[in-house]
Colleague: 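I have a structure here, written as structure tokens, and I will follow up with some questions on it.
Remember, it's a predicted structure, so these values are computed and weren't measured experimentally. Atoms within a ligand are numbered from 1 in the order they appear, just like the ligands themselves.
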Amino acid sequence: MSHPDNCLFCKIAAGAIPSRKVYEDDELFAFHDIHPAAPVHFLLIPKLHIDSLAQAGPEHAAILGRMTLLAPRLALEQGCNPYPEGGFRTVINTGAEGGQEVHHLHMHVMGGPRPWLRG
Ligand code: AMP
Ligand code: ZN
């Protein structure tokens, strides 16, 4: 684990750094990406600090399951069109070669009418 005290997304989940909140419960927090790559682009994170998907273990199975199952509901609430004509993309960047810049596990959820800025 890195240093949660110094982690941008831990601070966002705790409300210590402002964000445009999408969702919050005891375990999960979601907020709009500051540089959206699509008409809908938010980040879904566990409040628990986990550096990356590469650091996740069996003890995190339930929280990762909850994140995955919450994504479609929040995507629709945020304006993504329904499957199958609509839909959304989920991305978890992992490590430098995976394009991970913030080392607190997060799922990008992107959607909305194309074209998108990236992808
Ligand atoms: P990644 O490259 O997968 O680590 O993605 C990090 C994402 O966090 C990028 O898409 C950034 O635009 C986003 N980001 C960085 N700082 C903030 C912030 N303060 N509030 C919201 N999103 C942020
Ligand atoms: Zn963190």
Colleague: Give me the ring orientation class for His108 and His41: parallel if the planes are under 30° apart, tilted from 30 to 60°, perpendicular past 60°.
Modeller: tilted
Colleague: Is it the case that the side chain of Gln100 and the backbone of Ile92 share a donor-acceptor pair, with hydrogens and angles ignored and the cut-off at 3.5 Å?
Modeller: no
Colleague: For atom 2 (O) of ligand 1, what's the nearest protein heavy-atom neighbour? Residue, atom name and distance, please.
Modeller: Gly99 O, 2.9 Å
Colleague: Looking at His49, pick out the N, O or S atom nearest to the Zn ion (ligand 2) and give its name.
Modeller: ND1
Colleague: Is ligand 1 under 4.0 Å from a heavy atom in the side chain of His106, in the backbone, in both, or in neither?
Modeller: side chain
Colleague: Which atoms of ligand 1 have any heavy atom of Gln100 under 4.0 Å away?
Modeller: 4 (O)
Colleague: What are the atoms of ligand 1, with element, lying closer than 4.0 Å to any heavy atom of Phe31?
Modeller: 21 (C), 22 (N)
Colleague: Between Leu43 and ligand 1, which part of the residue brings a heavy atom under 4.0 Å of the ligand: side chain, backbone, both or neither?
Modeller: side chain
Colleague: What is the distance from atom NE2 of His106 to atom CZ of Phe42, rounded to the nearest 0.5 Å?
Modeller: 13.0 Å
Colleague: Near His35, which atoms of ligand 1 are under 4.0 Å from a heavy atom of that residue?
Modeller: 12 (O)
Colleague: Counting N and O atoms only, with roles assigned by atom type, does the side chain of Lys47 sit under 3.5 Å from a partner on the main chain of Glu24, one being a donor and the other an acceptor?
Modeller: no
Colleague: Contact between Asp51 and Leu105 at the side-chain level, heavy atoms closer than 4.5 Å - yes or no?
Modeller: no
Colleague: Indicate yes or no: at least one non-hydrogen side-chain atom of Met67 is less than 4.5 angstrom from one of Leu28.
Modeller: yes
Colleague: For Asp5 versus Lys11, what's the shortest heavy-atom pair and its separation?
Modeller: O-CE, 3.3 Å
Colleague: Under 4.0 Å from a heavy atom of His32: give me the atoms of ligand 1 that qualify, with their elements.
Modeller: 21 (C)
Colleague: Examine His104 and say whether one of its N/O/S atoms is closer to the Zn ion (ligand 2) than 2.8 Å.
Modeller: yes
Colleague: Provide the number and element of each atom of ligand 1 under 4.0 Å from a heavy atom of Asn93.
Modeller: 1 (P), 2 (O), 3 (O)
Colleague: Can you check which of Ile92, Ile12, Asp33, Leu8 brings a heavy atom nearest to atom 7 (C) of ligand 1?
Modeller: Asp33
Colleague: Please confirm whether Arg20 comes under 4.0 Å of ligand 1, counting heavy atoms of the residue only.
Modeller: no
Colleague: Do Leu74 and Val109 come close enough that some side-chain heavy atom pair is under 4.5 Å?
Modeller: no
Colleague: Any heavy atom of His108 closer to ligand 1 than 4.0 angstrom?
Modeller: yes
Colleague: Using a heavy-atom cut-off of under 4.0 Å, does the side chain or the backbone of Phe42 touch ligand 1, or both, or neither?
Modeller: neither
Colleague: So for atom CD, which belongs to Glu59, do other residues, nucleotides or ligands contribute more than 12 heavy atoms lying within a distance under 6.0 Å?
Modeller: yes
Colleague: Taking only heavy atoms of Phe9 into account, list the atoms of ligand 1 that are under 4.0 Å away from them.
Modeller: 8 (O)
Colleague: Considering non-hydrogen atoms of the protein only, which is the closest contact for atom 4 (O) of ligand 1, and what is the distance?
Modeller: Glu101 N, 2.7 Å
Colleague: Which residue and atom name correspond to the protein heavy atom nearest atom 17 (C) of ligand 1, and how close is it?
Modeller: Ile34 CG2, 3.7 Å
Colleague: If every non-hydrogen atom of Ala13 is compared with every non-hydrogen atom of Ile45, which pair is closest and at what distance?
Modeller: CB-CD1, 4.0 Å
Colleague: For Pro46, is there any backbone N or O sitting under 3.5 Å from a side-chain donor or acceptor partner on His104?
Modeller: yes
